[in-house]
Amino acid sequence: MLSERIKKVGISPTMKIAAKAIAMKAQGIDVVDFSVGEPDFPTPEYIKQAAKKAIDENHTKYTINAGTLELRRAICDYLQKTHNLSYDPGQIIVTNGAKQAIFNTILALIGEEDEVIIPAPYWVSYPEMVRLAGGNPVIIDAREENGFKITPQQLKQAISANTRALILCNPSNPTGAAYSEEELLALAEVLKDEDVYVIADEIYEKLIYDNFRLTSFAAVHPRMQEKTIVVNGFSKAYSMTGWRIGYMAGPRDIVEAANKIQSHSTSNANSISQYAALRALTGPAYEINRMVAEFQKRRNYVLQRLKSIPGISCQEPQGAFYVFPNIASYFGKEYNGNYIRNSYGLAYYLLREANVVLVPGAAFGSDKHIRISYATSMEQLEKGMDRIAEALRKLKTPAKVKYVRLNNYHTNVRKTVPVEATLNAERREALIAEAEAHLKYDQYFEWNANINGLVIQLRTNQPHLYDFWLENWYPAQLESDLEPHGVIYAVDGVVGREPYAFYHAPTSTALLFNSDYYASLRSLALGMVADLGQRLFDTHAVRGFSGDLNGVGFVLMGPKGTQKTPVFYQLLQDANLALHSNDLLFVRYGGGYAVADNAERKLYVPTRHAEYYEPLKALFERSKCENVVEDRAACEYDKCPLIDSCIMDRGFPYCFLASKISAAMLDPYWIGGMRKHVKRIDVQVLFLLTADPLAPPVKELAAEDALQILSTGSAAGAALQPQGQQPPFYNPHLLNKDDQALRKQSEQFARLLEMARCYQINTAQASPRGVSEKILEILRGR
Ligand code: PMP
């Protein structure tokens, strides 16, 4: 289990775009990368020499935690010279990149519920660092029309009693905006009497254009140095991203606290890199100047290209190596099936259509923009801008927008409830009285379902359960003098009760308390019908997928982990194969046949099955759904196959794969009409899936061996499921598990095995497709 704190921290969509780009490059696709966050220049030679010398002189051991005294002194000299700021080495820590300086500062300053003001667009890590520390980021909008800079009024309004700090990135990643000395001073005026620190991230300080003069926030006002933690580093100015050296300078108590954190986490920054950084600070300026001149040329080029693209506006950045154009006018446009809903969608489109990687503004808290990094060669810039212009030109407003609104209900309870199946008559009476007390006449729903020939009456006060119940089953007559075979009370809103279910077999009564999750009600109904049917008509409830190929009926059974679902959907792709049941079938024996019925009018299908059978998506969109995820943050699918092209990131309003418990009431005839669904099959073959690396791919089982596996539920998938954890006969719907009922199941399976052949199929060594080929071969041979 992860901590609540880490659960609040997201991975940025940037990583997904990057993952996609890497995959495309691996396929040999000529990708232009505009997502780069580091200069494309080599680290200057004199700096590399200093590192070599450090190695030769054996400076390869731990240094003092805060960094070597020489380097900290050099940093003090630098801050004095460039910003007229006085620090002593005790106020400096050399860190593993500027990133660690920011993180340590935040950890040192921020406690539970403390607020940190962060202007958006922001560098991706700021809010997540605040969340990791347990604090709350308070995002304020650095508006485009204000040059992506916050105003003193905005800052003033955002300050509350809980505000502990402001993070100010100057020049900014991602906008390139830089605050002038006057603008900083106006912010300082707001802060000077407040108990608020400023974390001044000045990592791009050297990368400034048009003779802009950058003032450090600590130097802008006499009272600011004591309230400011200056963060800087060597990654950007000296093209040293991989060397991992940054630093912080600030008030002594904060620096000491940050030093403690670093001493218990990473210790000193790399010793060799520290010697290289020392050389960087004392080295010549011409290499930096050359790089800055080149960046300025590229910035101007990209700006001029963007100007010529209709529908794009772009602020002129004064620093860093990013431009941040506004692309919102392309939302709602479409090309070739790509409908643009947000910045992620546009970034994804440009990736697919133009093979250009860039970062969607949403990653920086600004969905109307994209970030283009020009830390790449002029040649790449020309190529990439050509491609972007061409791809954007293709986007057109579609004649008709397909707007899908899902019929979807979110349940409060999200787990199937435990069932107590051993009630005595007295407790049954008491529970029914309790249930009926909650079934007020004006919120009461009653419906008789015909489930495999038995009339099961639902009495509920829960509209969603009633709704799904009606969808799921064939109706039975609803007359007051028709005595149902069984009754289910499903009562929501009973104070003081956990979600729980009860079953009283002698009177065929079930009660479900405080659950609006349909899976529980359905399972209870199926369990009742299985039990009643067994007792009354000798029908046999079998759990599995079932189907028919040219008149040959089959059942696919197996425990969790044996790939039953993907194998079944693979089988369904055979043109002649029809779906029978996706969960439970009722078998009747007689005349030498085993005839199985599917009792469900509509199938309750986990929407995640769309992962295995694409056409289901379009059908689910027209079905009644339960618990389909409609909020990106609620996605629960860590191993999602769409991880690098998440449709919800691109603004799609829901995702069928995002939750394990989402389901749709699917009309099985929608899959492909009469050809693709049958209600009744003649069971001739039973496939028991196993995921055992040592088993042969296919093995025909003698009836007694098959029976042994079925009744213990052990052999198939044994490697994945510990003994005793599978429900008997793989059937989780069984309510009555007393000896007599289980003996009866064994007898019924013995009869089935007289009429049907049984094969053990090993899914451990083959793909679902390979397995399905084997199964089809057997079925065709019958
Ligand atoms: N701050 C900002 C605004 C950045 O863009 C970056 C790097 N992308 C950093 C801090 C971290 O730099 P490093 O850890 O490499 O010094």
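In each ligand, atom 1 is the first atom listed, and ligand 1 is the first ligand listed. Values reported hereafter were calculated over all heavy atoms of this structure, with side chains retained and with hydrogens, waters and symmetry mates removed.
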Specify the protein heavy atom at minimum distance from [atom]: its residue, its atom name, and the distance to 0.1 Å.
atom	value
atom 4 (C) of ligand 1	W123 CE2, 3.6 Å
atom 7 (C) of ligand 1	K236 NZ, 2.7 Å
atom 2 (C) of ligand 1	D201 OD2, 3.3 Å

Does the side chain of [X] come under 3.5 Å of the side chain of [Y] through a donor N or O and an acceptor N or O?
X	Y	value
Y275	R279	no
K149	Y179	no
S35	D33	yes
Y78	Y247	no

Looking only at heavy atoms of F103, does any of them come nearer than 4.0 Å to an atom of ligand 1? no
At the 4.0 Å heavy-atom cut-off, does T241 count as touching ligand 1? no
May I ask you to list the atoms of ligand 1 that are less than 4.0 angstrom from any heavy atom of [X]?
X	value
S235	13 (P), 15 (O), 16 (O)
R244	13 (P), 14 (O), 15 (O)
Y126	3 (C)

Y301 and its side-chain hydrogen bond (donor to acceptor under 3.5 Å, both in side chains) partner, picked from Q304, R298, R305: R305
Can you spot which of K368, E144, Q315 makes a side-chain hydrogen bond (donor to acceptor under 3.5 Å, both in side chains) with N326? E144
I need the F324 CZ to R371 CZ distance, nearest 0.5 Å. 8.5 Å
Does a salt bridge link [X] with [Y], judged by any charged N lying under 4.0 Å from a carboxylate O?
X	Y	value
K53	E57	yes
K8	E4	no
E70	R73	no

[X] to ligand 1: N or O pair under 3.5 Å?
X	answer
A98	yes
K99	yes
N173	yes
N96	no

Using a 4.0 Å heavy-atom threshold (strictly under), name the region of [X] that reaches ligand 1: side chain, backbone, both or neither.
X	value
E38	neither
Q100	neither
Y204	side chain
Y122	neither
C169	side chain

Counting heavy atoms not belonging to E379, are there more than 12 under 6.0 Å from its CD? no
